[in-house]
Every structure is written in C-alpha cells, then in structure tokens.
Amino acid sequence: MPDNGTIEIDFPSYVLEYDRTLLRKSLQIAGREVAAAARRNIRSSVGGGRLYYGPGGSIGYRGGSSSGAYRASAPGQAPVSVTGTLARSIKAKLRRGATSDVETVKDAAFYAKFLEAGAKGGGPGRRNQRARGKTYVSGGRILKPRKFLSAALAQCAPDIRRRLADAAVRGVVMERVKK
C-alpha cells in the first residue's frame with residue numbers, strides 16, 4: 001500500500017478481437033436471400049407491356065419454338081420469364097479478401113444488364129451509319145429499365161441491415177492478453 005492512502009489494483013489486460021466468420025455467414029445468407037427474391041420476382045411477373053405475336057428469334061430466345069402471344073413486362077416491372085434463363089443465371093458468391101469480404105449477386109445472362117439499366121439503339125437497318133459518314137446516329141429503340149436486382153435488394157434491405165449489424169456486434173470478442 002503506497003504512502004498516500006491509495007490502493008493499487010492490477011487488472012488483467014484485455015484486447016478487442018474481431019471474428020469475421022459470423023459476418024461472412026451473414027453476408028452469404030444475405031446474398032442468397034437477394035438472389036432468391038430476384039428469381040421469385042422474375043418468375044411471378046405476369047407482364048403489363050407490349051404484346052408480341054408468334055415465336056421469337058432463335059429457339060432459346062423468347063420461347064422461339066413456341067407459337068402464340070407473349071406479353072412483355074412494362075418499364076419498372078420485373079422482366080417476364082419465358083424460358084427461365086434469366087432467373088437461372090442469378091447467383092450469389094462470397095469473395096474473400098485480406099481486409100474485406102464482398103458478397104456479389106450477379107446474373108450471367110448477357111441481356112441482364114440491358115434489362116436492369118435500360119438500353120438505347122438497335123433496330124433494323126441502322127448498322128454502320130457512323131462509318132458511312134453520318135455523325136449523329138440515334139437508334140430507333142429504347143428499352144426502359146426493368147430493375148429486378150435492385151428491387152430485390154430494396155425488398156431485402158431491412159432484414160440484411162439487421163442481420164449484418166447483429167453479426168458485427170456478436171463478432172467482437174474480448175480476449176485476455178497474457179503478460
């Protein structure tokens with residue numbers, strides 16, 4: 001006991017450690033949840049847009065082998081599923097890094113980006129106009145966005161926030177430092 005009337009007490013040293021396994025699992029669950037919501041939205045979309053008659057282009061495109069009418073989705077709606085290619089192409093994958101982990105939800109169908117972001121141009125008889133001396137070429141077609149991935153993320157966002165916050169809190173562990 002020191003002379004000044006105080007008592008010294010030694011506490012063991014602790015350090016905060018962070019375990020990323022819970023956060024990784026929560027990221028994987030969140031990615032699968034968003035991918036499933038996007039697939040569900042595509043498969044349940046009935047379409048409220050333009051009506052097309054007859055088969056589409058090739059066999060695998062727009063039900064090319066089937067005859068009859070086909071109603072496309074309206075701008076702002078999830079795309080209509082005819083062959084199921086878009087819905088099947090949506091996958092979730094966790095990419096691990098040294099300092100951070102990223103969960104990506106991506107679609108492998110080549111036209112998925114056009115549907116999500118929209119597109120301009122195309123149409124018959126409009127090829128190589130720049131090469132033939134025309135300076136400004138505007139395509140006749142405009143595809144307005146049919147946001148299916150961002151809509152699925154917006155649907156799942158409250159659950160994802162809650163789940164990730166809970167995993168982050170549970171991942172903090174106090175460990176005793178040995179002297």
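E17 places none of its side-chain heavy atoms less than 4.5 Å from the side chain of D19. With contacts defined as side-chain heavy-atom distances shorter than 4.5 Å, the pair V105/L153 does not qualify. The shortest side-chain heavy-atom distance between L94 and R24 falls under the 4.5 Å cut-off. Side-chain contact between N41 and F148 is absent, with no heavy-atom pair separated by less than 4.5 Å. Within the 4.5 Å cutoff, the side chain of L23 has no heavy atoms near those of the D101 side chain. Two residues are said to be in side-chain contact when any heavy atoms from C-beta on lie closer than 4.5 Å; D107 and L115 fail this criterion.
Closest approach of A112 to L86, counting heavy atoms only: CB-CD1, 3.6 Å. Across every non-hydrogen atom of I90 and A38, the tightest pair is CD1-CB, 3.9 Å. Shown here for A35 and A92, the closest heavy-atom pair between the two residues is CB-CB, 4.4 Å. Counting all heavy atoms, side chain and backbone alike, A37 lies closest to Q155 at CB-OE1, 3.8 Å. In this structure, A78 and S73 approach most closely via the heavy-atom pair O-CB, 3.2 Å. Across all non-hydrogen atoms, the minimal contact from K144 to P75 is CB-CB, 3.6 Å.
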Exercise for the section: Run the numbers on R163 and D166 for salt bridge (charged side-chain N to carboxylate O under 4.0 Å, His left out), then give the verdict. Expected result: CA-CA 5 Å; R163 184 179 293 119; D166 187 44; over 6 Å; no
Handout entry: R95/T104 under side-chain contact (heavy atoms from CB on, under 4.5 Å): CA gap, chis, key distance, verdict
Key = CA-CA 7 Å; R95 295 178 186 213; T104 58; 3.7 Å; yes
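Atom-to-atom distance recorded for S89:OG and R39:CZ is 9.0 Å, nearest 0.5 angstrom. Note: K93 NZ to K106 NZ = 7.0 Å, rounded to the nearest 0.5 Å. A distance of 13.0 Å separates SG of C156 from CZ of R32, quoted to the nearest 0.5 Å. Atom CG of L164 sits about 10.5 Å away from atom CG of D159, to the nearest 0.5 Å. A distance of 8.5 Å separates CZ in R40 from CD in E33, rounded to the nearest 0.5 Å.
Enclosure of atom CZ in R161 is not indicated, since only 12 or fewer non-hydrogen atoms of other residues, nucleotides or ligands lie within 6.0 angstrom.
Linking Ile, Leu, Val, Met, Phe, Trp and Tyr residues whenever their side-chain heavy atoms come within less than 4.5 Å leaves V46 and L51 in two separate clusters. Cluster membership for V172 and L27, using ILVMFWY side-chain heavy atoms within less than 4.5 angstrom, is shared. Under the 4.5 Å side-chain heavy-atom criterion for Ile, Leu, Val, Met, Phe, Trp and Tyr, I42 and F110 are members of the same hydrophobic cluster.
One N or O on the side chain of E116 and one on the backbone of L149 form a donor-acceptor pair closer than 3.5 Å. No donor-acceptor pair closer than 3.5 Å links the side chain of E103 to the backbone N or O of A30.
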